[in-house]
Amino acid sequence: MSMHEEKGASSSGSTIGQVRVPFTPVDLEALQVKLGSGLGSLLEASHIENGALIAHVRPENIRAALEALRDTDGLQLTVMTHMTAVDLLPMGPGPMASQAIDAGSDLYAKLQRERIAAGEPRFAVVYELFSHIYRHRVRVKAFLQDTGSDEVLPAIDTVSDIYLTANWHERECYDLFGIDFTGHPDLRRILLPDRWDGYPLRKEYPFDGKRAWRLGTTLEDAVQADSHLGL
Amino acid sequence: MSTLLAPNMTVEERGAGHIIVNMGPQHPSTHGVLRVVLELDGETVVRCVPHIGYLHTGIEKLSEYHNYIKNITHYCRMDYLSPMNNELAYCLAVEKLIGGEIPARASYIRVIMSELTRVISHMIWLGTHALDMGASSVFFYCATEREKIIELYEMIGGQRMMTSYIRVGGVKDDTPEGFEEGLEAWLGDFMPFMDMIEGLLNENPIWKERTQGVGVLDQDTVISYGLMGPLLRAAGVPQDVRRDEPYCRYEEFDFEVPVEYEGDVYARYRVRMRELRESHKIVAQGLQKLRETRGMPVMWASDEFAPPKRQDIYADIENLIHHFKYWTEGMKPPAGEAYASIESSKGELGFYVVSDGSAKPVRVKVRGPSFVNLAALGAMCEGHLIADVVAVIGSIDIVLGEVDR
């Protein structure tokens, strides 16, 4: 054991060093102030909710904001624990509130139109950041508008080069929500088959699926389903 | 064969003399249905691309259609090797939304169960990891040891694996008769078992040959990939949610966070083995606290967010109505969002829950440690031999049910 410890003590050549701050509960209000000075004009708004500090950022500033959060002294949010999206489209009314609104229906088109006209965002893209040095967390949110069309996906810049974690998470968001991450090196579906139709975690996607999925029975089908292997 | 697998890829793209090998999704050493496509130069891995999704069950979509109580049953099926960890993380997130204090006894039971869960998860990890490397006897010892805890699971939750025992506001029931004795018996057996296993492997030349210097990731890469748990601690970062952001009264327990610095497969093995000894220490302290809190409540006192007691249902109509409303309509946490994470056996397991004030969540995002940790597989394997891929996959400790959700 002593061998390991000695080795560890001498291997402090990492840029993200061994600085360790003893545990005290994170002072969120002080962190909020630091966040404000660290992000400056990039920060739209921030608030504390259920023990978490949430920062709102405009989608076009997301790269600059996350880079600042990662590199600013005192914040150093070195880890992205995860990122995800939330579909803000409201569910239908009534006791069966969680029924999806049919994508082809007039109600859905009307809702979409109204929300775009009112400037209401459709998706919240949520980044959960963590500092392994200071043990604090910040949740960054960027809101995306609906494009009003199924062909054009709402887009936001990739952060997969700032945090390597984001690579798979952005693929997951693209796969399940249909959000385009501009500049992502390998943006393709991750959980669902490549030829899947639609984005299942959108609220208008029906719970029991659009239609029965068939992978195909011939060799050609199988080859096509796997056309690039990701290599 | 390779043309069939990669029809669009020219020889130039592949590199002269390189071959493509498809591993999985039915390969036993991929621990489930992971598929890895390898580009090989001789026996050396040039590129390694994991493909996931073969076990995708849409749990996050499902969560939006079921109420907060029913959802617990989905999550224990996600990482099926450590079911109670999943339940716990989800319940903590919902409790954060609601706000309120969990009774001490419930927290102690949760701590004991999550440490036992860590042990059963690590038992499967060690058994299969050693099996992959050709040490088949370890698996049998681990399976036997796991069985003892599974029996405690059955005793406390009525099921061997999918217990749904941890509930929002506490736990389902108090510990049954004989549980403390069972725990004590396990505590007595476990350390000799650990000594035996470590005696088999720690200085075993074949084990060290296969694991030392394999799958090394430096600290910066590990942090950028967001790896957590044993993988992060094996790279020399002392990070542990239990100690740094204590939940369930972990701050009252005395334990260490084991750290190793090599960042290879052997260091991950060492971290997990030392962690198991710490778990034993925590369970022993938990048992003491369990004895001190006998007869105290295990569910928070809440009219709205806790089921009525069985005897009260028969006593008056109000409770009967509440009983039916609670189980059919479900509870309605206030609108808002919350993220809670725990130190699961595989790393940080978190739930991000968004509520609109109705009985069903708007969004539940699972931060599965397996999913995040698996993303670094390519970086760990490149440059190593194909036989090392198996060692690296084993050392990440993935459960595909959680990766694919």
Side-chain angles (χ1 to χ4, degrees), chain A residues 4-5 7-9 11 14-16 18 20 23 25-26 49-52 54 78-82 84-88 90-91 97-98 124 126 128 130 132 135 137 139 162-165 167-169 172 175-176 189-193 200-201 203 205 207 219 223-224 226-231, chain B residues 4-9 14 20 22 37 39 47 49 51-53 56 58 60-61 64-65 96-97 99 218-221 223-226 228 232 236-239 243-246 259-262 270 336-339 341 348 350 352 354 356 358 360 362-363 365 367 371-372 375-376 404-405:
Chain A
H4 295 287
E5 274 150 19
K7 261 191 154 178
S11 70
S14 163
T15 53
I16 303 168
Q18 291 286 310
R20 242 197 82 63
F23 170 71
V26 176
E49 183 181 341
N50 291 325
I54 303 171
T78 46
V79 179
M80 176 186 283
T81 59
H82 70 264
T84 184
V86 181
D87 189 348
L88 303 171
M91 295 290 208
S98 290
V126 183
E128 186 86 30
F130 170 68
H132 83 285
R135 331 261 137 197
R137 288 169 196 269
R139 191 176 304 145
I162 303 173
Y163 295 100
L164 290 174
T165 333
N167 190 319
W168 274 28
H169 281 95
E172 191 189 291
D175 190 359
L176 302 177
R189 289 188 183 267
I190 185 163
L191 294 174
L192 299 171
L201 280 183
K203 292 291 183 197
Y205 192 93
F207 177 55
L219 187 64
V223 170
Q224 207 192 338
D226 270 345
S227 55
H228 47 65
L229 295 167
L231 276 176
Chain B
L4 174 66
L5 278 168
N8 299 344
M9 191 180 265
R14 219 186 290 142
I20 308 289
N22 178 64
V37 178
E39 183 182 338
R47 264 190 295 181
V49 180
H51 288 248
I52 61 171
H56 180 55
E60 288 175 5
K61 182 79 174 171
E64 295 169 15
Y65 286 76
K96 244 189 196 177
L97 268 178
D218 62 78
Q219 237 178 52
D220 292 352
T221 319
I223 287 164
S224 185
Y225 268 115
M228 292 276 194
L232 184 60
V237 183
Q239 198 273 334
R243 189 198 53 185
D244 300 331
E245 297 152 272
V259 179
E260 301 273 338
Y261 296 91
E262 285 79 2
R270 289 285 302 153
E337 59 179 57
Y339 175 74
S341 60
E348 181 181 322
Y352 174 61
V354 183
D356 62 352
S358 71
K360 294 164 186 172
V362 172
R363 171 92 174 103
K365 159 74 186 169
R367 192 262 182 214
F371 177 82
V372 180
D404 296 342
R405 299 185 297 281

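In what follows, chains carry the letters A, B, and so on, assigned in the order in which the sequence lines appear, proteins first and then strands, with residues in each chain numbered from 1. Values below: every heavy atom of this structure, side chains too, minus hydrogens, waters and symmetry copies.
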Counting only non-hydrogen atoms closer than 4.5 Å, does [X] touch chain A with its backbone (N, CA, C, O), its side chain (CB onward), both, or neither?
X: Phe371(B); result: both
X: Glu60(B); result: both
X: Leu97(B); result: both

List the atom of [X], the atom of [Y], and the distance in Å for their closest heavy-atom pair.
X: Tyr339(B); Y: His82(A); value: CE1-CE1, 3.1 Å
X: Glu64(B); Y: Leu201(A); value: OE2-CD2, 3.8 Å
X: Gln239(B); Y: Phe130(A); value: NE2-CZ, 3.3 Å
X: Ile52(B); Y: Trp168(A); value: CD1-CZ3, 3.8 Å
X: Ile223(B); Y: Val79(A); value: CG2-CG2, 3.7 Å

*Non-hydrogen atoms of chain B under 4.5 Å away: do they reach the side chain of Ile190(A), the backbone, both or neither?*
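Interface part for Ile190(A): both.
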
Distance from [X] atom [atom1] to [Y] atom [atom2], nearest 0.5 Å?
X: Arg135(A); Y: Arg243(B); atom1: CZ; atom2: CZ; answer: 6.0 Å
X: Thr84(A); Y: Lys365(B); atom1: OG1; atom2: NZ; answer: 5.0 Å
X: Met228(B); Y: Thr81(A); atom1: CE; atom2: OG1; answer: 6.0 Å

_Glu337(B) vs Val86(A) side-chain heavy atoms within contact, under 4.5 Å_ =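 Answer no - side chains too far apart.
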
*Less than 4.5 Å apart, any side-chain heavy atom of Val26(A) and any of Glu245(B)?*
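A side-chain contact under 4.5 Å is absent here.
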
_Choice from Arg137(A), Met80(A), His169(A) maximising heavy atom contacts with chain B below 4.5 Å_ =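 Looking at each of Arg137(A), Met80(A), His169(A) in turn, Arg137(A) comes out on top.
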
*Give the member of Val126(A), Leu88(A), Asn167(A) that has the highest number of heavy-atom pairs under 4.5 Å with chain B.*
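Most heavy-atom pairs under 4.5 Å with chain B: Val126(A).
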
*Is the backbone of Asp87(A) close enough, under 3.5 Å, to the side chain of Arg363(B) for a donor and an acceptor to pair up by distance?*
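Not confirmed, Arg363(B) side chain does not pair with Asp87(A) backbone.
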
*asked:* For the backbone of Gly51(A) and the side chain of Lys96(B), can you confirm whether one donor and one acceptor N or O come within less than 3.5 Å of each other?
replied: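 Between the backbone of Gly51(A) and the side chain of Lys96(B) there is no qualifying donor-acceptor contact (under 3.5 Å).
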
*asked:* Can you tell me which of Ser224(B), Gly226(B), Ala376(B) forms the most heavy-atom pairs within a distance under 4.5 Å of chain A?
replied: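 Result: the option with the highest number of such pairs is Ser224(B).
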
_Among the listed options Gly53(B), Ala375(B), Gly58(B), the residue most often paired with chain A at heavy-atom distances under 4.5 Å_ =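 Sorted descending by pairs with chain A, the first entry is Ala375(B).
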
